[in-house]
Amino acid sequence: MNKEFKDRIGNEASHAIKAAGFIIPAIDIIEGKCVRLTEGDYSQKKIYNEKPLEVAKKFQDAGLMRLHLVDLDGAKEGSVRNWKVLETIAAKTSLIIDFGGGIKSEKDVQIVFESGATLATVGSVAVKNEEEFLRWLLQFGADKFLLGADVKNEKIAVGGWQETTDVWVYDFIKKFIDSGVQQIFCTDVSKDGKLEGPSTELYKNIVQKYPSLFFIASGGVSGINDVNLLAEIGCKAVIIGKAIYEGRISLDELSRLNLSIGS
């Protein structure tokens with residue numbers, strides 16, 4: 001495949017991903033089951049469904065087009081574990097899937113793409129092994145990665161949120177925008193899974209600093225008002241998990257919102 005053709009295909013795929021709507025539902029996986037954590041704490045685990053495919057199909061049936069799939073076992077252990085779940089969902093739905101958790105090596109990246117993910121989601125490796133991540137951007141294409149900026153007090157958190165670094169989130173984002181990354185999501189760990197509202201001020205600051213970035217908010221969404229607010233401050237999309245599973249937002253509401261915000 002020549003470079004011009006590869007770039008064109010990559011640009012078309014990137015456009016399709018960005019046009020897939022404002023709402024990105026999340027499925028977090030532990031031992032093949034759909035779960036949610038609170039503040040990234042593995043001891044605060046709640047199982048919502050033992051069959052993630054059923055959940056993914058409900059999202060698709062509601063008209064949602066993207067899926068944020070997280071391998072929490074992989075994130076904790078340092079290599080991809082739940083790739084079979086990815087493979088099943090990719091084969092049996094038409095969802096555009098980003099998959100993350102435990103992607104630490106080129107082999108992990110290949111497994112993720114071969115299993116059907118459109119995007120590989122990375123976070124810790126971009127901090128701990130920056131040279132390796134930059135090689136992946138060149139090898140696979142920067143448009144094939146969704147970069148996660150997980151934060152505590154505006155500093156990057158890594159290793160399934162178990163470790164906080166001294167890397168300022170704004171420096172982290174700028175560095176990888178300059179390296180070609182087009183999509184970044186940010187999760188304030190202190191908000192995640194608590195249904196107390198997202199870190200709108202943080203996200204507003206990021207959007208204002210980097211207006212051309214396809215920025216995705218994540219964590220803390222408690223209802224429709226939060227989603228509308230995130231759209232108003234300029235976020236391009238939002239990842240929603242616990243609010244769906246706890247019935248704070250219905251799939252019908254999300255479907256209508258996805259159409260209205262995206263139009």
Side-chain angles (χ1 to χ4, degrees), residues 17 20-104 108-123 144-146 148 150 160-161 183 185 187 192-193 195 216 218-221 237-255 258:
I17 292 165
F22 190 76
I23 308 299
I24 307 175
I27 294 178
D28 292 356
I29 304 296
I30 290 180
E31 296 176 348
K33 301 172 183 177
C34 178
V35 307
R36 294 299 293 174
L37 306 181
T38 299
E39 295 185 87
D41 184 349
Y42 284 72
S43 68
Q44 298 186 60
K45 175 183 73 175
K46 183 173 181 179
I47 298 172
Y48 285 97
N49 194 309
E50 296 197 358
K51 297 180 179 179
L53 177 60
E54 289 183 357
V55 180
K57 284 184 173 180
K58 287 180 181 178
F59 293 152
Q60 178 172 279
D61 290 345
L64 303 179
M65 293 177 278
R66 286 188 65 166
L67 175 64
H68 181 65
L69 188 58
V70 183
D71 179 357
L72 289 174
D73 293 314
K76 193 172 186 179
E77 296 173 28
S79 63
V80 172
R81 288 287 183 264
N82 287 289
W83 59 270
K84 279 288 185 182
V85 175
L86 165 62
E87 190 174 64
T88 299
I89 294 175
K92 298 188 177 182
T93 74
S94 60
L95 294 167
I96 295 170
I97 305 170
D98 70 77
F99 181 94
I103 300 176
K104 296 292 187 290
D108 288 323
V109 179
Q110 289 174 335
I111 288 171
V112 167
F113 289 139
E114 288 170 1
S115 299
T118 302
L119 296 167
T121 304
V122 298
K144 295 287 290 179
F145 291 88
L146 173 60
D150 298 331
W161 303 344
Q183 297 194 60
F185 74 97
T187 306
D192 191 70
L195 300 173
I216 303 169
S218 173
V221 170
V238 57
I239 294 170
I240 307 175
K242 196 167 188 176
I244 297 173
Y245 300 113
E246 293 287 339
R248 298 291 190 94
I249 307 177
S250 73
L251 289 180
D252 284 343
E253 286 177 306
L254 288 178
S255 180
N258 208 37

Counting only heavy atoms not in Glu50, do more than 12 sit closer than 6.0 Å to its CD atom? no

I want to check something: taking the side chain as every heavy atom from C-beta on, are Val221 and Ile249 in contact at a cut-off of under 4.5 Å? yes

Ile244 side, atom CD1; Glu253 side, atom CD - distance, nearest 0.5 Å: 11.0 Å

Side chain of Asp71, backbone of Gly100: donor and acceptor closer than 3.5 Å? no

Which atom of Gly32 lies closest to which atom of Asn82, heavy atoms considered: N-OD1, 3.2 Å

Quick one, Asp150 and Phe185 - any side-chain contact, counting heavy atoms below 4.5 Å? yes

Least distance between heavy atoms, Ala20 atom then Ile96 atom: CB-CD1, 3.9 Å

Ile23 vs Val238, test: side chain to side chain contact (heavy atoms under 4.5 Å, CB included). Steps then yes/no. CA-CA 5 Å; Ile23 308 299; Val238 57; 4.0 Å; yes

Shortest non-hydrogen contact from Arg36 to Ala26? NH1-CB, 3.9 Å

Thr118 and Leu95: side chain to side chain contact (heavy atoms under 4.5 Å, CB included), yes or no, with the steps? CA-CA 9 Å; Thr118 302; Leu95 294 167; over 6 Å; no

Is there side-chain contact between Tyr245 and Val55, with heavy atoms separated by less than 4.5 Å? yes

Is the backbone of Lys84 close enough, under 3.5 Å, to the side chain of Thr88 for a donor and an acceptor to pair up by distance? yes

Rounded to the nearest 0.5 Å, how far does CD1 of Ile30 lie from NZ of Lys45? 5.0 Å

Sub-3.5 Å donor-acceptor pair from the side chain of Lys46 to the main-chain atoms of Val35, do we have one? no

Just so I know, are the side chains of Ile27 and Phe59 near enough to count as touching, which here means a heavy-atom distance under 4.5 Å? yes

Can you give me the closest heavy-atom contact between Pro52 and Val85, atom names plus distance? CB-CG1, 3.9 Å

In Å and rounded to the nearest 0.5 Å, what is the NZ to CG distance from Lys33 to Leu72? 14.0 Å

Would you find a donor on one side and an acceptor on the other, under 3.5 Å apart, between the side chain of Asp108 and the backbone of Ser79? no

Mind checking whether His68 and Ile216 have side chains closer than 4.5 Å, heavy atoms only? no

Once you round to the nearest 0.5 Å, how far does CD1 of Ile17 lie from CG of Leu119? 4.0 Å

Let me see the working for Val109 and Ile103 under side chain to side chain contact (heavy atoms under 4.5 Å, CB included), right down to the final yes or no. CA-CA 6 Å; Val109 179; Ile103 300 176; 3.6 Å; yes

Compare all side-chain heavy atoms of Ile89 with those of Gln60 and state whether any distance is below 4.5 angstrom. no

Given Leu37 and Asp28, is the side chain to side chain contact (heavy atoms under 4.5 Å, CB included) satisfied, shown in steps? CA-CA 8 Å; Leu37 306 181; Asp28 292 356; 5.5 Å; no

Report the distance from atom CG of Leu69 to atom SG of Cys34, rounding to the nearest 0.5 Å. 9.0 Å

Kindly give the heavy-atom pair with the smallest separation between Asp98 and Arg66, and that separation in Å. OD2-NH2, 3.8 Å

Closest approach of Glu31 and Asp73, non-hydrogen atoms and distance? N-OD2, 2.5 Å

If you measure from CD1 on Ile239 to OG on Ser218, what distance do you get to the nearest 0.5 Å? 4.5 Å

Ion pair check, Lys57 and Glu54, cut-off under 4.0 Å: no

